[in-house]
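Presented below is the structure to which this report refers.
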Amino acid sequence: SEHQIGLAVDIVGEEANAWLGEHCWEYGFILRYPPDKEEKTGIIYEPWHYRYVGREYAQAIRQSGLCLEEFLQR
C-alpha cells in the first residue's frame with residue numbers, strides 16, 4: 001500500500017485538512033482520493049489521505065484538476 005512504502009500519510013482534523021487542501025502541493029503532496037473522482041480512483045472521497053508525488057508533479061496535478069489516475073493516463 002501507499003502507506004507501507006512510505007508515500008502516503010493520513011492527517012485527521014478539519015482545520016488541518018482545510019489547510020492541507022490549499023497548501024499540500026507546495027510540499028509535494030496531493031489529496032489522493034478527491035471528491036467526485038470515485039469512478040476514476042475506485043475509492044470514496046478521503047479528505048485525510050495525502051500522497052507524496054514530489055513538488056513538480058503535485059503542482060502539475062493541482063493545475064490540471066485531475067486525480068492521480070487521470071494524470072498518469074494522459
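This is a predicted model, so every value here is computed, not measured.
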Exercise. Do Asn17 and Tyr50 have side-chain heavy atoms sitting under 4.5 Å apart?
Worked result: yes
Does one hydrophobic cluster hold both [X] and [Y], with members joined at side-chain heavy-atom distances below 4.5 Å?
{"X": "Ile61", "Y": "Leu7", "answer": "no"}
{"X": "Ile43", "Y": "Leu68", "answer": "no"}
{"X": "Tyr45", "Y": "Val9", "answer": "yes"}
{"X": "Trp48", "Y": "Tyr27", "answer": "no"}

Exercise. Can you name the nearest heavy-atom pair linking Gly65 to Lys37, along with the distance?
Worked result: O-NZ, 3.6 Å
To the nearest 0.5 Å, how far apart are [atom1] in [X] and [atom2] in [Y]?
{"X": "Leu20", "Y": "Phe29", "atom1": "CG", "atom2": "CZ", "value": "9.0 Å"}
{"X": "Arg62", "Y": "Leu31", "atom1": "CZ", "atom2": "CG", "value": "12.5 Å"}
{"X": "Asp10", "Y": "Arg51", "atom1": "CG", "atom2": "CZ", "value": "13.5 Å"}
{"X": "Cys24", "Y": "Ile11", "atom1": "SG", "atom2": "CD1", "value": "10.5 Å"}

Exercise. In terms of ring plane angle, is the pair Tyr33 and His49 parallel, tilted or perpendicular, where the classes change at 30° and 60°?
Worked result: tilted
Exercise. Should we say atom OH of Tyr57 is surrounded by more than 12 heavy atoms from elsewhere, each under 6.0 Å from it?
Worked result: no
Exercise. Got more than 12 heavy atoms from elsewhere within 6.0 Å of CG, Leu72?
Worked result: yes
Problem set entry | Side-chain donor or acceptor of Arg55 paired with backbone N/O of Glu26 under 3.5 Å | yes
For this session: Taking Glu70 for its side chain and Cys67 for its backbone only, find out whether a donor-acceptor pair lies under 3.5 Å.
Result: yes
